[in-house]
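Note sheet for the following structure.
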Amino acid sequence: MQQEQMHTTASEWQELLEKHRAGEKKWNRLSLIFGLTKLALLITVFLTVYFIWLRGNPTLGIALTVVQAVIFVAAGIVQAKLNARMRFESGMAELVRKHLDRLEGRWGDFKDTGEELAGPEHEYARDLDIVGKRSLFQLLNSTGTSFGRARFAEDLLCPRYSGKEIRERQRAVAELAGKPEFCCRMELLLGRVGVEESLPQAAERLADGKRRLQSGAVRALFWVLRVLTCGSGLLTLLLPESMAVVPGVMFSVLFLVQLAIWGLSSPQIRPFLAAMAAASQRLSVCGEPVDAFTQEPFESEKLREQASVLGGARDPLRSLAGLSRRIGLGNSSILAFILNGLFLWDLWNAASLDSWKQKWGEKSTDWFAALGEAESLLSLANLPRCCTGSCVPEPVEGAGVFTARALGHPLLPNDARVCNDFTLGGGIHIVSGSNMAGKTTFLRTVGINMVLACAGGFVCAESLAFSPMRVMTSMRLSDDLSGRISTFYAELQRIKTILDAASQDKSVLFLIDEIFRGTNSVDRLVGAEAVLRRLEELGVSGMITTHDLEICRLADERPRVVNCCFCETYRDGEIFFDYKRREGPSQTTNGQFLLRKVGILAN
């Protein structure tokens with residue numbers, strides 16, 4: 001796949017923002033005009049009643065009032081549509097403003113950080129800032145449903161795609177990245193659905209294959225009861241009192257019988273109906289994003305495939321939304337009593353849902369999965385819009401391939417990011433250097449871009465060729481007092497996990513920060529040598545950082561071990577970092593300088 005760079009500039013976003021702000025003002029102005037028209041109509045109605053009905057011609061007054069009422073209702077309908085357009089433009093302006101915040105580095109206050117999506121035991125999530133405060137998830141996430149949020153989290157936390165699948169996803173993400181206004185529209189419509197759990201719970205019940213009323217004879221009997229109950233009730237109301245006794249008694253008996261049937265069946269069917277009623281509002285707005293997505297012309301095979309799947313969901317989802325609203329009528333205790341006594345309302349709805357499930361239940365899983373994947377791709381398409389110097393990486397065959405030009409960290413501000421060329425070459429790189437020189441940030445840069453590449457997204461680089469790898473890290477470690485685990489022992493457990501995985505999976509990319517920092521220099525050297533030797537024997541690739549220059553000498557003995565470093569310079573008694581990667585081990589240290597600078601050591 002040809003390398004591709006794509007970036008939406010601040011001026012383009014500003015132009016889009018002004019467009020939607022102008023649209024909001026336009027529709028607000030028209031809405032105000034129609035609001036004043038309605039007020040004027042109300043005044044004329046009162047004048048008509050007073051001067052024509054009461055003091056003149058009642059017939060003419062009634063005719064004029066009817067005309068005014070029709071005009072008033074029409075004006076109300078038009079104003080409601082204008083208000084909807086105004087809210088749409090306002091929502092679009094807000095989302096464009098959010099994209100500008102991403103581009104200009106003001107995204108740290110976005111509400112959804114995904115903190116709960118991965119714990120400290122995850123292979124790399126916390127170490128690489130995939131989820132949590134100021135994380136990749138917080139930067140890119142634009143999902144509006146729980147299906148999309150879960151799928152986007154899965155794509156970042158467990159990307160397991162083949163080279164072919166990655167290419168298909170890349171084409172889809174690149175196409176979406178070129179449609180910023182469409183993506184904002186989808187984000188707005190999906191946001192109305194919401195990420196609450198009521199919809200996925202309802203979707204799970206729709207796909208469970210269970211039928212609440214399986215017997216056709218029982219369903220027919222219930223219809224007979226409904227007809228007899230309603231028929232006897234009508235006869236009781238319409239017949240003279242002398243003839244209404246028998247229908248009245250019959251109605252009372254049937255009404256009580258249906259209430260009894262309702263009470264006996266409720267434990268079986270009510271949880272299902274309650275789940276659908278809770279999701280009724282979400283289902284009622286699902287059709288809008290589905291319509292928008294299916295009506296958009298796409299070129300990539302992946303997006304056309306999703307649009308095709310979602311195209312089959314449009315009519316069934318509308319039908320399901322109507323059913324859910326009908327079920328919701330029974331949420332009121334008084335209405336439930338009347339509706340079930342007259343119509344066996346809950347059983348009627350359960351039978352309708354059974355029919356829907358029999359026809360569409362299995363396919364509904366595919367619809368919601370397609371919707372979730374589309375949202376994930378929409379979120380991945382945000383990176384090239386907010387990260388300058390991004391590109392579509394090239395998946396290649398082979399092991400341990402990671403060759404990048406101008407590789408940068410996507411979470412750093414565009415004006416502060418320092419990029420480096422880097423070739424992993426299937427080896428093990430020891431990254432040495434002084435404090436604050438950029439060693440750990442570089443490891444995170446490699447790791448986070450590998451995650452993005454494996455998910456089928458853009459990366460923060462001028463170009464990148466890679467073979468998909470399983471990222472495993474050991475960076476942010478802490479002790480556990482309740483478990484009586486020291487920081488050093490926590491690191492041992494983490495590295496043991498990496499070794500175990502590497503023995504089973506040759507595609508592991510390990511990133512270990514300050515290897516064995518929690519022990520003395522002698523044990524650190526012995527341990528590091530043992531770990532590197534084992535990882536080399538297993539044939540996996542990766543990087544470790546260290547302050548200990550003795551560890552750098554391992555490169556002289558191990559053919560696949562390579563040294564690189566980050567260094568500092570000094571001018572006028574101050575320390576400066578350029579954050580540029582250099583070949584070979586570090587030749588400088590800055591520990592004593594910093595100790596003197598803060599006053600711990602005497603000058």
Side-chain angles (χ1 to χ4, degrees), residues 13-100 144 180-194 277 280-292 295-296 314-315 317-319 321-329 331-332 334-335 338-339:
W13 283 121
Q14 195 64 45
E15 183 180 342
L16 200 56
L17 179 62
E18 293 303 322
K19 169 188 171 183
H20 289 294
R21 282 178 173 170
E24 180 184 3
K25 291 177 182 177
K26 169 188 172 184
W27 299 116
N28 184 42
R29 185 168 57 252
L30 289 173
S31 176
L32 180 61
I33 291 171
F34 275 85
L36 293 173
T37 302
K38 287 165 62 182
L39 179 61
L41 283 168
L42 281 175
I43 295 172
T44 59
V45 166
F46 286 116
L47 293 175
T48 299
V49 171
Y50 183 76
F51 289 105
I52 300 180
W53 277 37
L54 300 180
R55 299 190 176 191
N57 189 338
T59 304
L60 177 61
I62 292 173
L64 286 174
T65 303
V66 169
V67 171
Q68 291 164 341
V70 170
I71 296 174
F72 182 87
V73 171
I77 293 172
V78 173
Q79 187 184 27
K81 292 182 178 180
L82 293 173
N83 287 337
R85 290 298 302 269
M86 181 183 68
R87 288 192 297 271
F88 174 80
E89 295 292 345
S90 175
M92 288 291 286
E94 183 179 344
L95 290 173
V96 171
R97 178 73 257 176
K98 191 174 180 180
H99 280 286
L100 263 173
E181 191 163 10
F182 167 73
C183 291
C184 285
R185 184 185 175 202
M186 286 297 301
E187 185 177 352
L188 177 63
L189 297 177
L190 288 162
R192 294 174 181 173
V193 179
S280 61
Q281 185 177 357
R282 318 252 169 242
L283 286 167
S284 65
V285 293
C286 265
E288 291 183 82
V290 168
D291 287 346
Q295 291 168 8
E296 181 73 13
R314 296 170 67 180
D315 292 336
L317 283 178
R318 288 193 188 95
S319 171
L323 274 174
S324 298
R325 286 192 294 270
R326 197 173 83 189
I327 293 167
L329 292 175
N331 285 342
S332 166
I334 296 175
L335 271 179
I338 296 171
L339 291 172

Are any of the side-chain heavy atoms of Pro180 and His99 separated by less than 4.5 Å? no
Heavy atoms of Met186 and Ala292 approach each other most closely as SD-CB, 3.8 Å
Heavy-atom closest pair (Val285 atom, Arg192 atom, distance to 0.1 Å) is CG2-O, 3.7 Å
With no hydrogens and no angle check, just 3.5 Å: does a side-chain donor-acceptor pair link His20 and Glu94? no
To the nearest 0.5 Å, tell me how far [X] [atom1] sits from [Y] [atom2].
X: Asn83; Y: Leu30; atom1: CG; atom2: CG; result: 10.5 Å
X: Glu15; Y: Leu17; atom1: CD; atom2: CG; result: 11.0 Å
X: Ser31; Y: Arg87; atom1: OG; atom2: CZ; result: 9.0 Å
X: Leu95; Y: Trp13; atom1: CG; atom2: CH2; result: 9.5 Å
X: Leu39; Y: Ile43; atom1: CG; atom2: CD1; result: 4.5 Å
X: Leu82; Y: Lys26; atom1: CG; atom2: NZ; result: 9.5 Å

Without swapping roles, check the side chain of Thr37 against the backbone of Ile33 for a donor-acceptor pair under 3.5 Å. yes
Please confirm whether the backbone N or O of Val193 pairs with a side-chain atom of Arg282, one donor and one acceptor, at under 3.5 Å? yes
Could you please spell out the steps behind the salt bridge (charged side-chain N to carboxylate O under 4.0 Å, His left out) verdict for Lys19 and Glu181? CA-CA 11 Å; Lys19 169 188 171 183; Glu181 191 163 10; 2.8 Å; yes
NZ/NE/NH1/NH2 to OD/OE distance under 4.0 Å, Arg21 and Glu24: no
Other residues, nucleotides and ligands only: do more than 12 of their heavy atoms fall within 6.0 Å of CD on Gln281? no
